[in-house]
Amino acid sequence: MKKAKLNDLAELTSEEWTFSREGATKNGILVNYLAHTYERLEYENKIFVDEKNGRAIFNTGLFDNFYEPLYAYLELNKRENTQKWYTVGFKSAYELARRGVDNTLLPERANYFEDPSLLIFDANCPINIQFGHILNDPNNIKRLPKKIKDATNRTTIFRGALDLMVKSVTANYKLAVPQYYKGNIQLLLPVCLLEPMKADVALVVTKSNDGKYYQGNTCLTLDMAYNNARLIARPNSDWLNVREGK
């Protein structure tokens, strides 16, 4: 998709889609969002395809400033050796109707969960932490702040941060941010390793099938966490924000 189209969509939503850190790709969050949303819609068979008129439509799950749903409007690509569809733009139901699209045929947005209770942190459930993976696995440990990676007592520091995190989330369940990853709903919890009120990484926890405990699987950088969380909804917790330092 051309950058101009992404810019148009970003402006229509009035949402920040670029991480503020140096070197971040413009609208990188939006690129990730659209790719995974399309994949989910394809899985749910929610993409409207009109071969006769050479067009396709999918619900982006996003809204404009008037809270009108935005749909991706695609047309058949007539050029050879190119992708089948190209994006004409992002339209409201009104704009699509003007193009002759029957609004009753407009597809639904992607659905990522069936059980709403999974979106809320259950303070009665203990959290089992996979310390070996978080603190020893090379791919995971590189997500931690350098000062923590190099610390000989990083396990002690991490345990202390987890105790504070559990107390904080128990006091304010909204700190737990739901994410969608590989077909599962998980919760992201803020882990403050360097400063008490500033999250450095997000602990990923998954509720057990019997609903009696959480498994602390891994930690993500805040960028990774935001990308995953944004598939469900725009995170409104201060600790998980696209702006650096939040």
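All residue numbers refer to positions in the sequence shown, counting from 1.
- You'll find the side chain of Asn27 reaches within 4.5 Å of the side chain of Asn7, heavy atoms only.
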Would you please test Thr25 and Thr18 for side chain to side chain contact (heavy atoms under 4.5 Å, CB included) and show each step? CA-CA 7 Å; Thr25 302; Thr18 306; over 6 Å; no
Residues Val204, Asn228; criterion side chain to side chain contact (heavy atoms under 4.5 Å, CB included); working and verdict: CA-CA 11 Å; Val204 180; Asn228 290 351; over 6 Å; no
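- When all heavy atoms of Ile157 and Ile148 are compared, the pair lying nearest together is CG2-CD1, 3.9 Å.
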Mind running ring-ring contact (aromatic ring centres under 6.0 Å, His included) on Phe48 and Tyr71 for me, showing each step along the way? CA-CA 11 Å; Phe48 171 70; Tyr71 299 87; over 10 Å; no
Derivation of the side chain to side chain contact (heavy atoms under 4.5 Å, CB included) call for Val201 and Leu203: CA-CA 7 Å; Val201 291; Leu203 175 69; over 6 Å; no
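- Under the 3.5 Å distance criterion, the side-chain polar atoms of Ser237 are left unmatched by any main-chain donor or acceptor of Trp239.
- Here the CG-CG distance, from Asp102 to Asp50, works out to 10.5 Å after rounding to the nearest 0.5 Å.
- The hydrophobic clustering, which links ILVMFWY residues whose side-chain heavy atoms are closer than 4.5 Å, places Val49 and Leu34 apart.
- Here the straight-line distance linking atom CD of Gln179 with atom CG of Leu119 works out to 12.0 Å at 0.5 Å rounding.
- Atom NZ in Lys212 sits 13.0 Å away from atom CG in Asn124 (nearest 0.5 Å).
- A heavy-atom distance below 4.5 Å is found between the side chains of Asn227 and Ile29.
- Looking at Glu11, its side chain never comes within 3.5 Å of a backbone N or O of Asp8 through a donor-acceptor pair.
- Residue Ile129 holds its CD1 atom at 5.5 Å from CD1 of Ile127, rounded to the nearest 0.5 Å.
- Contact of the Val101 side chain with the Arg98 side chain is not registered, since no non-hydrogen atoms from C-beta on lie closer than 4.5 Å.
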Please report, to 0.1 Å, the donor-acceptor pairs under 3.5 Å made by any side chain of residues 160-178, with sequence neighbours excluded.
| unit_1 | atom_1 | unit_2 | atom_2 | d |
| --- | --- | --- | --- | --- |
| Ser168 | OG | Leu164 | O | 2.9 |
| Thr170 | OG1 | Val166 | O | 2.6 |
| Asn172 | OD1 | Lys174 | N | 3.2 |

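- Note on Leu76: it does not cluster hydrophobically with Ile57, by side-chain heavy-atom contacts below 4.5 Å among ILVMFWY residues.
- The 12-atom threshold is not exceeded at CG of Asn209, counting heavy atoms of other residues, nucleotides or ligands nearer than 6.0 Å.
- Cluster membership check: Phe131 shares its hydrophobic cluster with Tyr214, using side-chain heavy-atom separations under 4.5 Å among Ile, Leu, Val, Met, Phe, Trp and Tyr.
- Smallest separation of non-hydrogen atoms from Asn59 and Gly61: OD1-N, 2.8 Å.
- One distance of note links CD of Glu108 with NZ of Lys46; it measures 5.0 Å at 0.5 Å rounding.
- Rounding to the nearest 0.5 angstrom, the gap separating the CG atom in Leu231 from the OH atom in Tyr180 is 8.5 Å.
- With hydrogens and angles disregarded, no donor-acceptor distance shorter than 3.5 Å links the side chain of Lys207 to the backbone of Gln186.
- Pairing each heavy atom of Gly100 with each of Arg55, the nearest pair is O-NH2, 3.5 Å.
- Proximity of a side-chain donor or acceptor of Asn153 to a complementary backbone N or O of Thr156 within less than 3.5 Å is not detected.
- With contacts defined as side-chain heavy-atom distances shorter than 4.5 Å, the pair Glu15/Trp17 qualifies.
- Residues Phe113 and Leu118 fall within the same hydrophobic cluster, defined by Ile, Leu, Val, Met, Phe, Trp and Tyr side chains chained together at heavy-atom separations under 4.5 Å.
- Taken together through direct or relayed side-chain contacts under 4.5 Å among Ile, Leu, Val, Met, Phe, Trp and Tyr, Ile47 and Leu9 form parts of separate hydrophobic clusters.
- Aromatic pair Tyr38/Phe58: ring centres closer than 6.0 Å.
- The pair Arg109-Glu44 does not count as a salt bridge, with every side-chain nitrogen at least 4.0 angstrom from each carboxylate oxygen.
- Contact between Asp200 and Cys192 at its shortest, heavy atoms only, is OD2-C, 3.7 Å.
- Within the cation-pi definition used here (under 6.0 Å to the ring centroid, within 45° of the axis), Arg234 does not qualify as a partner of Tyr226.
- Of the possible donor and acceptor atoms, none in the side chain of Tyr86 sits under 3.5 Å from a partner among the backbone N and O of Lys78.
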Side chain to side chain contact (heavy atoms under 4.5 Å, CB included) between Met197 and Asp238, worked out: CA-CA 10 Å; Met197 301 303 292; Asp238 289 340; over 6 Å; no
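- Between Asn77 and Lys84 there is no side-chain heavy-atom pair separated by less than 4.5 Å.
- A pairwise comparison of heavy atoms in Tyr213 and Asp210 identifies CE2-OD1, 3.9 Å as the closest pair.
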Lys91 vs Glu68, salt bridge (Lys or Arg N to Asp or Glu O under 4.0 Å): CA-CA, chis, key distance, verdict: CA-CA 10 Å; Lys91 311 293 182 182; Glu68 290 295 317; over 6 Å; no
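- Nearest heavy atom pair, residue Leu70 against residue Phe63, reads CD1-C, 3.8 Å.
- A donor-acceptor pair under 3.5 Å is formed between the side chain of Asp64 and the backbone N or O of Tyr67.
- Open room surrounds CG on Asn45; 12 or fewer heavy atoms of other groups in view lie less than 6.0 Å from it.
- Of the possible polar contacts, one joining the Arg154 side chain to the Leu135 backbone as a donor-acceptor pair under 3.5 Å is found.
- For the pair Arg40 (side chain) and Tyr112 (backbone), a donor-acceptor distance under 3.5 Å is absent.
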Donor-acceptor pairs under 3.5 angstrom involving side-chain atoms of residues 215-225: please list them, not counting sequence neighbours.
| unit_1 | atom_1 | unit_2 | atom_2 | d |
| --- | --- | --- | --- | --- |
| Gln215 | OE1 | Asn128 | ND2 | 3.0 |
| Asn217 | ND2 | Thr206 | OG1 | 2.7 |
| Thr218 | OG1 | His133 | NE2 | 3.2 |
| Thr218 | OG1 | Asn140 | OD1 | 2.2 |
| Thr221 | OG1 | Met224 | N | 3.2 |
| Asp223 | OD2 | Arg21 | NE | 2.2 |
| Asp223 | OD2 | Arg21 | NH2 | 3.0 |

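- Side-chain N or O atoms of Thr87 include none that pairs as donor or acceptor with a backbone N or O of Leu74 at under 3.5 Å.
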